[in-house]
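In what follows, chains are A, B, ... by sequence order, proteins preceding strands, each numbered from 1.
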Amino acid sequence: MKKFYITTPIYYVNDKPHIGHAYTTIAADVLARYHRLKGDEVFFLTGTDEHGSKVAESAQAANKSPQEFCDENSAKFQMVWDRLNISHNNFLRTTSLQHKQGVEKFLNKLKESGSIYESDYQGLYCTGCERFITEKELLDGLCPDHKKAPEVLKEKNYFFKLKDYLPQIAKLINSGELMILPENKKNEVLGLIKQGLDDFSISRESVKWGIKIPFNDSQITYVWVEALQNYITGIGYGADEENFNKFWPADIHLMAKDIIKFHALYWPAMLLAAGLPLPKVIFAHGFFTIDGEKMSKTLGNVIDPEALVDEFGSDAVRYLLLSQFPFGADGDVKAGNFVIQYNSDLANGLGNLTSRVLSMAEKYFDGVVPEKDFEFSDETAGIWHQYEDAMKIFKIDEVIEIIRKFNSFADGYVERQKPWQLAKEDKEQLAKVIYNLLESIRHLALMVYPIMPDVAEQIFKYLNQADWKSHNFKELIDWGVLEPAAKVEKAKALFPRLEK
RNA sequence: CGCGGGGUAGAGCAGUAGCAGCUCGCCAGGCCCAUAACCUGGAGGUCGUGGGUGCGAAUCCCACCUCCGCAACCA
């Protein structure tokens, strides 16, 4: 049995879950479910990133302890994933003991390897905020919160010898051992290496809310350095070595393109230093704009995933988000398009096809499955090939296209065969047609399952295949699983039409 | 100035050398099994601009115009 370990980034609790988080997480869930379907042993990790001065500040502003604040906000993410039917195997919080222990072990490993050294960090420090702030944050040279000029401050930090590892990483990327996808992102990363990057500081003296450097109590691990390690602590590094060894290295780290540098360079460098294998694939998907505008709080165009679930249901939201533009590229989401696409693809497409086929089975054969027919056996096998090829290279949009084509093919078949006429003239042919249509629906349900698990289950139920998971994948994608004489059920609307 | 992405039918997007495609919308037919759903046909594009290479370019090369993202502490 093959293993498949997939991750999303852990999301910063300072933010509320928004549609961008949902996009990444849903995509990861689709891949995770697909691999489970194939029989792989899957570990799907997501979680929340909870340390750092920003969280501490937000907590204080909300008059809460940092831990309280994190508990509440982390719960929001968990709730949204719940509503979106996300099937993660672990939800890792960086404030958990499991994470802390793993981080300590990892940092000690780095220290032992000689890749950490002490040096001075110099930056702009605002005494009001009690933290370093960036030049970008300044307003007319002043801290926007305290209207005070920051002072240049030096503090001792630990640094990681990034430069030592870059040549080796470049080699691994070029050889394909470390795959950066899509292809253009790979070039970008290689470009970054060529530009030259400096060693980075991995600790802070002035920050309080975080994990202490195990070999120096006065230093706190810099938040994103520690956050990256979630990918190993989340599967048991430093706690459950058996599970860790089973699943590491990750088969794919999935994320949005903004954080690719950390995943493609900093993280692999630290892993090399610690003597751990590198993830196989770093996949960065694109950003989307909403109605042509960048998603931003000030513009107020941020879409709340829960509101979408309320309107469309979790299956449809999953489908709609992933079908907006090619996976990996940037794209635009027109909010008004959701209803239109819901109606055309889901209500008129999959929903209507299921409904018309099951209703004909009921009408012409009292819901009893007719004798088997194998007209589409080869064709379907070909479609499954395409489907698997697309999944293999993470082209979720292509998978959706394949499903749509198959759906539309079945609709065309109904039209060509005209079962309502056959009912009067040729019962034998009618039986074949209905069998082929029922099997087609079963295949559609299977294809749709990773994307829309609830609807797939519902279709299987109508087909009297509630126990479909007792078959393995190879059996399921074969033609002719439905047995004659079995009863099928008439369907209720899977996707009720929405009014514009 | 730097790095990266884009400019293809009314809208949103595929297509990286060989007669310009998809979805939605629009128009005209058809059908009646189905969620007023489904099927067929049609209209609609000088593929940002100018040059170059090729038998042949949306697709390669050069220049330009234009939009957008990133640019070290930001998950």
Side-chain angles (χ1 to χ4, degrees), chain A residues 8-15 20-21 24 48-49 52-54 94 121 123 131-137 162 182 184-185 187-189 191-192 194-195 197-198 200-202 204 207 222-225 227-228 230 255-263 266 286-287 289 291-294 323-326 329-334 336-337 339-341 343-364 397-398 400-401 404-405 407-408 410-423 430 433-434 437 490-498:
Chain A
T8 73
I10 47 175
Y11 305 109
Y12 205 48
V13 282
N14 221 22
D15 207 3
H21 302 122
T24 311
T48 43
D49 180 10
S53 52
K54 281 198 180 167
T94 57
Y121 172 86
R131 69 174 178 97
F132 285 96
I133 58 180
T134 60
E135 259 176 74
K136 221 168 64 182
E137 288 178 273
L162 175 68
N184 58 342
K185 296 293 187 303
N187 297 331
E188 210 175 314
V189 169
L192 281 171
K194 217 184 295 173
Q195 266 179 45
L197 292 159
D198 288 332
F200 55 86
S201 108
I202 62 162
R204 276 295 125 86
V207 174
Y222 198 72
V223 58
W224 63 255
V225 169
L228 282 167
N230 91 87
M255 74 212 68
K257 65 179 186 180
D258 55 337
I259 51 176
I260 189 161
K261 188 163 85 182
F262 301 95
H263 287 79
Y266 295 13
F287 273 160
T289 48
D291 292 323
E293 299 216 70
K294 191 183 171 178
S323 58
Q324 294 302 305
F325 50 85
D330 289 343
D332 186 52
V333 169
K334 286 238 183 287
N337 222 4
V339 173
I340 293 167
Q341 206 183 344
N343 279 337
S344 72
D345 283 7
L346 300 178
N348 301 349
L350 183 60
N352 182 244
L353 177 70
T354 306
S355 169
R356 69 196 301 208
V357 169
L358 287 171
S359 135
M360 284 189 281
E362 175 73 31
K363 187 173 225 160
Y364 304 132
D397 53 298
E398 246 172 55
I400 287 173
E401 193 54 38
R404 249 198 298 207
K405 283 222 173 88
N407 190 328
S408 148
D411 270 325
Y413 180 68
V414 174
E415 230 49 54
R416 287 192 302 278
Q417 292 291 335
K418 303 191 197 335
W420 48 93
Q421 262 179 40
L422 294 176
L430 178 66
V433 169
I434 296 300
L437 284 171
K490 203 171 161 176
K492 293 202 184 67
L494 293 172
F495 300 101
R497 264 183 87 75
L498 295 173

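Atom-to-atom, OH of A:Tyr413 to C1' of B:U40 comes out at 19 Å; the value is rounded to the nearest Å. The distance from atom NZ of A:Lys185 to atom C1' of B:G5 is 8 Å, rounded to the nearest whole Å. If you measure from atom CG of A:Leu192 to atom P of B:G5, you get 12 Å, rounded to the nearest angstrom. Atom-to-atom, CZ of A:Phe262 to C1' of B:C74 comes out at 6 Å; the value is rounded to the nearest Å. A:Asn343 has its CG atom 15 Å from the C1' atom of B:A34, to the nearest Å. Rounded to an integer number of Å, the gap from A:Asp397 CG to B:U23 C1' is 13 Å. Taking atom NZ of A:Lys257 as the reference point, atom P of B:C3 lies 17 Å away to the nearest angstrom. As a whole-Å value, the separation of A:Gln417 CD from B:C32 P is 15 Å.
For the P atoms, the distance from B:U66 to B:U49 is 15 Å, rounded to whole Å. Distance noted for atom C1' between B:C60 and B:C22: 26 Å (whole Å). Spacing of P atoms, B:G4 relative to B:C64, comes out at 16 Å, to the nearest Å. Between B:A58 and B:G45, the distance separating the two C1' atoms is 11 Å to the nearest Å. Between the P atoms of B:C24 and B:C19, the separation comes to 25 Å (whole Å).
Closest to the side chain of A:Glu188, from the set B:G4, B:U35, B:C32, is B:G4. Of the candidates B:C22, B:A72, B:C33, the closest approach to any side-chain atom of A:Ser359 belongs to B:C33. Closest approach to the A:Ala347 side chain among B:C24, B:U35, B:C33 is made by B:U35 (side chain taken as heavy atoms from C-beta onward). The side chain of A:Val414 lies closest to B:C33 when the candidates are B:C33, B:C39, B:G4. Distance from the side chain of A:Glu415 is smallest to B:C38 among B:C38, B:A37, B:C32. With distances taken from any side-chain atom of A:Asn348 to the nucleotides B:C38, B:U35, B:A72, the minimum falls on B:C38. Among the nucleotides B:A72, B:C39, B:G69, the one closest to any side-chain atom of A:Ser408 is B:C39. When distances are taken from the side chain of A:Asp411 to each of B:A37, B:U23, B:C38, the shortest belongs to B:C38. Between B:U35, B:C74, B:G30, one nucleotide has an atom nearer to the side chain of A:Leu494 than all others, and that is B:U35.
Nucleic acid contact for A:Tyr364: sugar-phosphate only, since backbone atoms but no base atoms lie under 4.0 Å from a heavy atom of the residue. Looking at heavy-atom distances under 4.0 Å, A:His263 makes contact with a base.
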Carefully, step by step, assess A:Asp49 and A:Val13 under the rule side-chain contact (heavy atoms from CB on, under 4.5 Å).
CA-CA 6 Å; A:Asp49 180 10; A:Val13 282; over 6 Å; no
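An OP1 or OP2 oxygen of B:C74 is reached within less than 4.0 angstrom by a side-chain nitrogen or oxygen of A:Lys54.
Here the side chains of A:Ile10 and A:Thr48 are not in contact, with every heavy-atom distance at 4.5 Å or above.
Taking the charged nitrogens against the carboxylate oxygens, A:Arg356 and A:Glu415 do have a contact shorter than 4.0 Å, which makes a salt bridge.
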